[in-house]
Amino acid sequence: METLWQDCKYGLRTLLKSPAFTFVAVVSLALGIGANTAIFTLIKAVFLQPVPVREPQRLVSLFTVDEKMPGLFPISFPSFEDYRDRQSVFSAMAIYMSSGVTAAAGSGEPETWEAEVASGNYFELLGVKPLLGRTFTQEDDRVPGGGAVAVLSYGTWTEKLGGDAAVIGSTISINRLPFTIIGVMPNGFKGIRQVSEAAMWTPMSMAQSLLKTPQALRERRALHFQVVARLLAGVTLGQAEAALDPISRQLARDYPAVHQGRSVKLLPVAQATIHPSMRPVLERAGLLLMVIVGLVLLVACGNVAALLLVRARGRSKEFAIRLAVGAGSGRVARQLLTESVTLSLIGGLAGLLVARWSRDLLWAYRPPMLAAAKLDIGLDGTVLLFTFSVSALTGLLFGLAPALSARRQDLAVELKERSTQGTRERRFFSFRNLLVVGQSALCIVALVGAGLFIESLRRLQQVDPGFEAQHLAATRFDIGSAGYKKEQGLAFYRQLLERITRIPSVRAASLSSIHPFATGGYLRAVRVDGQNAAARPVMVLQNNIAERYFETAGVRLLEGREFLPADDANGRRVVIVNQSMARRLWAGENATGKRVWLSGDTEPREVVGVAPDMRFFTLSEEQMACVYAPLPQDYLPLVTLLVRTHQDPRPALGMIRGEIQQLERLPLGPVRTVEEQIGRSLWAQKLIAALMAIFGLLAVLLAAVGVYGLTSYSVAQRTSEIGLRMALGARPGDVLSTIVGQGMSLVAPGVALGLVAAAALGRLISSLLFGVSSGHVPAYLAAAALLALVALAACWLPARRATKVDPVLALRHE
Amino acid sequence: MSTPLIKLVNVERYYDHGPTRTWVLRRINMELQDGEFVSVMGPSGAGKSTLLHLLGMHDMGWSGEYHLLGRPVHKLGKKERSELSKKHFGFVFQSYHLLDTLTVYENLDIPLSYRNIKKSDRDSMVCDTLDRFQIVAKKDLFPSQLSGGQQQLVGVARAMIANPKIILADEPTGNLHSSQGKEIMEMFRKLNQEGTTIIQVTHSETNAGYGNRIIKLVDGWIVDD
Ligand SMILES: Nc1ncnc2c1ncn2[C@@H]1O[C@H](COP(=O)(O)OP(=O)(O)OP(=O)(O)O)[C@@H](O)[C@H]1O
Ligand SMILES: [Mg+2]
């Protein structure tokens, strides 16, 4: 311990004695460790945050799986009841659903809150206690409409209600009904989902007034609900899943139209904290980022190892003396290791600063869907531990080489005066050289990755959405939350469209249940009229729209007509289908005039038009078959207003907002242009491309420092050789090319190695790329060219110094 | 008489050490004819090496006139001087200055590689030289595997390989014992007989005896010629 402290003190002193060396090393490390810490902070927040419930390892989430459709889906309320009542593997099962509600606390403006409507046993099952007051229980969930109580999240309580303990027992207005606040949850409790945050919880007994589609409570087709269950002691997840199978089969017999081919799948609740549809992409993106920052750190380590190696060589006389006076070789090696670990810990501290700053920067570019979520991105104990471990590990890693080479010191040789005749090694495979080869290879991998993602983004941005995105604005609102029922709602829609179209800058306006490039719509099973009832229905996306929808979208119908005022609730049931659906159901025929059955309907609907395909949610999506229904026939209270203007819609956004507010004081989302919305839908691709580019360039920068250092060092070592060569007739150009050639002879195999590695690793990210294969040659060429260019510059600067060598001086030392 | 091979007129060289100026060469005037074998002698620090580097045009910082085969070197730019030097001079150093990381063969190839010669021609020139100096057997060895005398033989071979008119040798035998030194001197005599002009710096009267002329330098002045 004593000697360790001595080593540390001595190490610090040597570091301070060569401030330039220490500065370069610490900056390299700070960038490398900082990037890793920043990314780890985000990864931890998204994936590693424990769910704050009792015994989370025994909690499972339950999902519907369907042979006909890939993916995990929520469950319907009636089938939840069946599973709950017939199962014997869980101690309890709770159901919940999140829903946007209009809340007005005190005299404040109405706002949209995310409410989780949950069964009465929800909190008891999770085993969580409130911070204040009480949580709701089975008692509050007994009588429909009889449990108007609210449990607030900590964030809601502090931010909206001033954090006053007196709120317990007071009432707030939710969807214009009075709710009593009975409790406040502790900070950090978010329910099961960790990436979004509920503002409040209310019992399922209030579902009628809180859910957008309360009829879903009775509808087996409505896969709208999430289920969490607690395994009985001794029951494994696999056993539980197997035990639920017979129930699924029974349901399939009882309700073949809905349950045919369906069963349930259980996931540990830790894996359900992110929606299963999002999780794989996030996981892959997270892994990718970890790998890339790992590469950056390795490149940084390479630099520090190289610096230490050179210094160790410069200090070999010192070590020899130490050995001569009786220090064991292990002792000298330990001294070196202590120094490198001290260095890397300083680098780690500086890295924390870099991490703090870059995390804030990253967080500023977080995706819109994370906007409301209060992820815990603090640099807490876990992060500090991570950074500390990474630092210590890197210190050991890059301190090992010089320490080992110190052990190999040849006492006799070192104590003699060293020859001035340059280095005696001709080894290409010296550790120092291999470092540069490795750094170049790592850089190429990072750069190729960046190139692929940038190209992918570029291709994505060129995708035609299928409609005129220019001069189009959209905003979403929910009149259900203002208490509107169907008749009033339709009247509101008519009035609103009339008012909007009267704005002079507006060309056309319409409504749609799908918000372009954001949300909305639902899947519906469709059968062609006259087809065998047992035949598999086709699942299509349904979009409920108002008149003039396609005109507003700037789209010409391929066949037939738009919906007309006559297509109202009393009119003949009609639909418009998109080209994909027409092709799927009636390939080669005219679709207009054909009739289809939508699931749950009592009469068939006639196709009156065929619309060209368009993208609904993302530019990268597979084209979906879609059926459009007139809003008066398939009413929804939650819709998006689409407005086409003559010019840039931005000046009109305020007016559009005003028109809605004049009709009804609704909580309104932002009014945005659709072009902006499309841009936002690309956040993930943009973020990944930007991060990959930043980290790629960082790696190149660090590698350039490495190449520069190596070349400078070798120029210094080779002064007399260079002088000799000049005396033997070498021109400055010859010297330049010798030195640059030496540097590049290390970079070139690194590039080759990197290209091969990138090609091999590229396959792993191909699923994250759009429209470009992982073998996209220009990305590889660009990466090689960029690194070669930077390396050339890094060699050239010290090489120029070499041409200034005075042969007379260099040869004097005889 | 024909134009001298080398003619120096009032050549001076000094170094500034802060405020003091040290003169290394003072008013050097001399003429050398083609085919001479000159020994430059004098005490340590007299400026012998400086004179050699000046003649070999590695040094730029002197004043006076230097005519090489009638061409005024003092009026030439850096590039032209180095081309001229490359064409006419070969160098032999006291500590051989072979590159440790290259084989004998590769060491011999260095001067050629800086002289726009085709690879195949270079190969045959290296082979001829190996043959001429009878070191063919050593061609794949590294300098550290040779004795001092053998190393200096390679040094001389390297100086000769590009067929220079003049060899400048700075204490070529300084690091060798006498029998090895004799071998090198014999080689110089042979080269001189074949027409190469030789200018050597030496401290040894014996070695000077191989030449036909002695220039004595003391404190930068020619005191005896
Ligand atoms: N770059 C320099 N800066 C300052 N003084 C120099 C420099 N090069 C040479 N000198 C000085 O010039 C003088 C002549 O040096 P030079 O090497 O020519 O002597 P020399 O006759 O070759 O001696 P030796 O027999 O020891 O080799 C010396 O006093 C030396 O200190
Ligand atoms: Mg000398």
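Note that these values count all heavy atoms, side chains included, but never hydrogens, waters or copies made by symmetry. Model, not experiment: these values are computed from the prediction. In what follows, chains are A, B, ... by sequence order, proteins preceding strands, each numbered from 1.
Heavy-atom pairs under 4.5 Å with chain A peak, among B:R158, B:K87, B:E83, at B:R158. Chain B forms more heavy-atom pairs under 4.5 Å with one residue of A:G733, A:P732, A:P807, A:A727 than with any other, namely A:A727.
Counting only N and O atoms by type, the side chains of B:N107 and B:Y96 include no donor and acceptor under 3.5 Å apart. Side-chain N/O atoms of B:T103 and B:E106 include a donor and acceptor closer than 3.5 Å.
Residues A:L16 and A:T22 have side chains not in contact (no heavy-atom distance under 4.5 Å, counting atoms from C-beta outward).
Of the atoms belonging to A:S737, not a single heavy atom falls under 4.5 Å from chain B.
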Checklist entry - Does the ring pair (Phe, Tyr, Trp, His ring centres under 6.0 Å) test come out yes or no for B:H58 and B:F91, once each step is laid out? => result CA-CA 11 Å; B:H58 296 149; B:F91 283 89; 4.4 Å; yes

